[in-house]
Amino acid sequence: HVDGPRICGMPLKYVSLVTLAVQNAALSIVMHYSRVSTPPALSYSPASAVLLNELLKGSISFVIALSRVREVAEIPWHRKSVWGIICSLPYPWTKPFWSLCSEIFSPDCWKLSIPAILYVVQNSLQFVAISNLPVASFQVTYQMKILTTAAFSVVLLRKKLSSTKWLSLFFLAIGVGIVQIQTSSRHTAPPKHTTVGSAHDFHVHVMSPMKGFGAVTAACFTSGLAGVYFEMVLKNSRADLWVRNVQLSLFSLIPALLPVIYGTKPTNSQGFFLDMFRNFGLWAWATVAIQVFGGLVTAVVIKYSDNILKGFATSLSIVLSFLASVALFDFRITPSFIIGASTVLSATWMYNQPPGKEPIISISTGQS
Ligand code: C5P
């Protein structure tokens, strides 16, 4: 029996997890293709994509939050912000809107500024990583965020990890190391490129695995820190998840906007907004749409499921994107990739075992 809401009779909890796995795999593939399929001079601006992602995610979260709004009148006056008190004035037709605004601009909204900045950095690093690594290697190495999330949980949330969990984190690092070594060695010898396109638009995309691994490692740190910080803010308050999502997007706007303003090269013929979205083709829009969808599904997974199951969804997505890479990008299966990826998957499975069902117990006692 599974509690919680259902979609077409199926628990939302599992629907959202499977959706997240497919979304994760689709994002890596579509994002990779969107970056490598055009020559650098004709590719879109990742900074604009990050900004657009936050604008769309924030707007959708706002609409969802508006449908779930609590009337401001229900909040005692001493807990209202100045905005909340102003909103208490009799504006019956706009009350839900102002009520939501008072929740969004609550006195503790600044707390979201930290994960917001970190997520903007992470989303930007993701573009660097995916442009310089094969999809499957990116996915496997990105599993290191389980390690950083655990480390930040221990330090910031004072969580205690069992020896099985530490052991699985150790295996995770080993598995990522194996994939990293084989990917680097395969790409350090020239030519470092993937060839993309038909006879008409053939070009060579140069990849730099070291740059890619550097970016993905940094993204793992921001993911861990932002995730743990977001968890801390959520658990220490009663605010609605969607309100928190709007706050997250609002605080993301400044760090997301700055690189767009400074990085957009003006042309004579087009205005700033057209320059911003120069070369934004179908694949760029698809990348942004999948990212937005992913952000919203992540929020649903956190609400109706938990981070443990989220880890499972991510590791399932490795298998999906690995199979798709073989079919789409001529990714070659090497024994070391299989050993590394299997170690990462086993470590993820081991880490996610509930207490009492951990494999180390069955190994040490000889029972399953
Ligand atoms: O891989 P990880 O779980 O760290 O990825 C988090 C992604 O989900 C980021 O792109 C972030 O912008 C997004 N997110 C979100 N809303 C949340 C939490 C994360 O959009 N509440």
Side-chain angles (χ1 to χ4, degrees), residues 16-17 19-21 23-28 31 46 49-62 64-65 104 109 111-130 138-153 215-235 237 239-253 255-256 287-318 321 348:
S16 61
L17 279 165
T19 312
L20 191 68
Q23 181 276 337
N24 255 260
L27 180 63
S28 311
M31 201 189 233
V50 172
L51 176 65
L52 198 58
N53 172 23
E54 293 304 337
L55 281 172
L56 292 173
K57 210 169 57 185
S59 310
I60 296 171
S61 298
F62 186 87
I64 298 174
I104 291 168
C109 68
K111 287 180 183 169
L112 273 295
S113 59
I114 293 166
I117 295 168
L118 290 169
Y119 276 139
V120 168
V121 173
Q122 179 183 337
N123 290 342
S124 309
L125 286 169
Q126 231 176 321
F127 276 100
V128 179
I130 204 91
F138 165 78
Q139 279 277 26
V140 173
T141 319
Y142 209 24
Q143 287 299 293
M144 283 284 273
K145 66 188 171 186
I146 299 177
L147 189 69
T148 54
T149 306
F152 283 116
S153 300
V216 83
T217 307
C220 287
F221 275 93
T222 53
S223 167
L225 184 55
V228 169
Y229 200 96
F230 189 69
E231 190 181 332
M232 232 161 67
V233 174
L234 268 188
K235 285 186 179 164
S237 75
D240 186 63
L241 179 68
W242 298 104
V243 173
R244 290 302 193 199
N245 254 11
V246 177
Q247 292 171 332
L248 201 63
S249 287
L250 277 180
F251 279 108
S252 301
L253 290 184
T287 302
V288 172
I290 299 172
Q291 264 187 319
V292 170
F293 182 63
L296 299 172
V297 177
T298 303
V300 173
V301 166
I302 291 170
K303 185 164 171 64
Y304 294 107
S305 191
D306 53 44
N307 278 305
I308 294 171
L309 288 163
K310 184 167 157 274
F312 259 122
T314 322
S315 57
L316 178 64
S317 78
I318 293 182
S321 53
T348 308

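In this text, all values refer to a predicted model and were calculated from it rather than measured experimentally. Just so you know, ligand 1 is whichever comes first in the structure, and atom 1 is the first atom listed for that ligand. Numbering of residues begins at 1 and proceeds along the displayed sequence.
Shown here are the salt bridge (charged side-chain N to carboxylate O under 4.0 Å, His left out) partners of K57, two or more places apart in sequence or in another chain: E54.
Inclusion of E54 in the set of residues having an N or O under 3.5 Å from an N or O of ligand 1 is not warranted. Taking only nitrogen or oxygen atoms, main chain and side chain alike, N245 reaches within less than 3.5 Å of ligand 1. Residue Q126 places no N or O, backbone or side chain, under 3.5 Å from any N or O of ligand 1.
Proximity of a side-chain donor or acceptor of S124 to a complementary backbone N or O of V120 within less than 3.5 Å is detected. Between the Q23 side chain and the F293 main chain, no donor and acceptor come within less than 3.5 Å of each other.
Every atom of ligand 1 is numbered from 1 in the order shown, and the set under 4.0 Å from a heavy atom of Q122 is 1 (O), 2 (P), 4 (O), 5 (O). In the vicinity of K145, heavy-atom distances shorter than 4.0 Å reach the ligand 1 atoms 1 (O), 2 (P). With ligand atoms numbered from 1 in the order given, ligand 1 contributes 15 (C), 16 (N), 20 (O) to contacts under 4.0 Å with heavy atoms of G295. The atoms of ligand 1 that sit less than 4.0 Å from any heavy atom of L248 are 16 (N), 17 (C), 21 (N).
Minimum interatomic distance between L27 and T287 (heavy atoms only, all atoms of both residues): CD1-O, 3.8 Å. The two residues V288 and A49 come nearest to each other via the heavy atoms CG2-CB, 3.8 Å.
No part of R244 comes within 4.0 Å of ligand 1, judged by heavy-atom distances. Only side-chain heavy atoms of K57 come within less than 4.0 Å of ligand 1; its backbone N, CA, C and O stay farther off. Looking at N53 against ligand 1, nothing comes within 4.0 Å, counting heavy atoms.
Here the OG1-CZ distance, from T149 to F221, works out to 10.5 Å after rounding to the nearest 0.5 Å.
Side-chain atoms of L112 and F230, non-hydrogen and from C-beta on, do get closer than 4.5 Å to each other.
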